[in-house]
Trainee: 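What follows is a structure written as structure tokens; I'll ask about it next.
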Amino acid sequence: EAQVTQNPRYLITVTGKKLTVTCSQNMNHEYMSWYRQDPGLGLRQIYYSMNVEVTDKGDVPEGYKVSRKEKRNFPLILESPSPNQTSLYFCASSPGRGYEQYFGPGTRLTVT
Amino acid sequence: SQQGEEDPQALSIQEGENATMNCSYKTSINNLQWYRQNSGRGLVHLILIRSNEREKHRGRLRVTLDTSKKSSSLLITASRAADTASYFCAPYNDMRFGAGTRLTVKP
């Protein structure tokens, strides 16, 4: 089954404790991206990747890192999480930019 | 950056009625996509319309595109309670989304 998986689905952590949210797709898609969703603000893009080893900032990249060492994986790293990063995070993939995106189920992160 | 702005922010209708939501954008596009999000879940792609198309249908969905007005509309006919969700448009290939339209269909 074609899908995008994210782990963990729920995470409660404390300020400053490094964490990684994994994202994996099995569709051989070149384009992957991360979004955060906050009430009233819609989805805002954090980072995106056009292909392996090619990443670029979205609209709200501060406080986040990503890497794309393999085509299928695109982890999101929070080196020092802060409470303002409490949000619902989505990973998405598509064959290329501008094509239909497939979204993961989301990761609900709470930073206390 | 390019993103769509959906209107209205919220829409409440009775089952069986039609629901129309609109999307406006600012610059030229190659295509525009509509997505649906059930509460707290990932977005699901509904339909893509290209800049040289004026209208597209998929089941009970009808999407129109007016490039001269830089706007698109999504019509859901004969709505059902299961259509309750948020709807987002994404113009061109910037993969950016607005705040969406929250549709509530009352049984």
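All chains are named by letter (A, B, ...) in the order of the sequence lines, taking the proteins before the strands, and each is independently numbered beginning at 1.
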Trainee: Below 4.5 Å from any heavy atom of chain B, which atoms of Leu88(A) appear? Answer side chain, backbone, both or neither.
Mentor: side chain

Trainee: Are Val44(B) and Phe103(A) close enough that some pair of their side-chain heavy atoms sits under 4.5 Å apart?
Mentor: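 A side-chain contact is absent here, since even the closest heavy-atom pair is not under 4.5 Å.
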
Trainee: Give a yes or no on whether the backbone of His45(B) and the side-chain of Tyr102(A) come within a donor-acceptor separation of less than 3.5 Å.
Mentor: no

Trainee: Decide if atom CD1 of Ile12(A) counts as having more than 12 heavy atoms of other residues, nucleotides or ligands within a radius under 6.0 Å.
Mentor: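 Count not over threshold, so no.
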
Trainee: Are there over 12 heavy-atom neighbours, none belonging to Arg54(B), within less than 6.0 Å of that residue's CZ?
Mentor: yes

Trainee: What about Leu61(B) and Leu65(B), same hydrophobic cluster or not, with Ile/Leu/Val/Met/Phe/Trp/Tyr joined at side-chain heavy-atom distances under 4.5 Å?
Mentor: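 Per the 4.5 Å side-chain linkage, Leu61(B) and Leu65(B) are co-clustered.
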
Trainee: Is Arg80(B) atom CZ crowded by more than 12 heavy atoms from other residues, nucleotides or ligands, each under 6.0 Å away?
Mentor: no

Trainee: Take atom CZ in Arg44(A); do more than 12 heavy atoms of anything else shown fall under 6.0 Å from it?
Mentor: yes

Trainee: Against chain A, label Leu48(B) side chain, backbone, both or neither, depending on which of its atoms sit under 4.5 Å from a heavy atom there.
Mentor: side chain

Trainee: Among Val4(A), Leu43(A), Leu41(A), single out the residue with the greatest number of heavy-atom pairs under 4.5 Å to chain B.
Mentor: Leu43(A)

Trainee: Do other residues, nucleotides or ligands put more than 12 heavy atoms under 6.0 Å from the CZ atom of Arg72(A)?
Mentor: no

Trainee: What closest approach, in Å, do Gly40(A) and Ala99(B) show between heavy atoms, and which atom pair accounts for it?
Mentor: O-CB, 4.0 Å

Trainee: Answer yes or no: is there a side-chain heavy-atom contact under 4.5 Å between Phe97(B) and Gln101(A)?
Mentor: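 When only atoms from C-beta onward are counted, Gln101(A) and Phe97(B) do touch, with a gap below 4.5 Å.
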
Trainee: Can you establish whether the number of heavy atoms outside Gln9(B) located under 6.0 Å from its atom CD is more than 12?
Mentor: no

Trainee: Do Gln37(B) and Gln37(A) get their side chains close enough for a donor-acceptor pair, meaning under 3.5 Å?
Mentor: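 Yes.
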
Trainee: Looking only at heavy atoms, what is the nearest atom pair of Glu100(A) and Gln33(B), with distance?
Mentor: CA-OE1, 3.5 Å

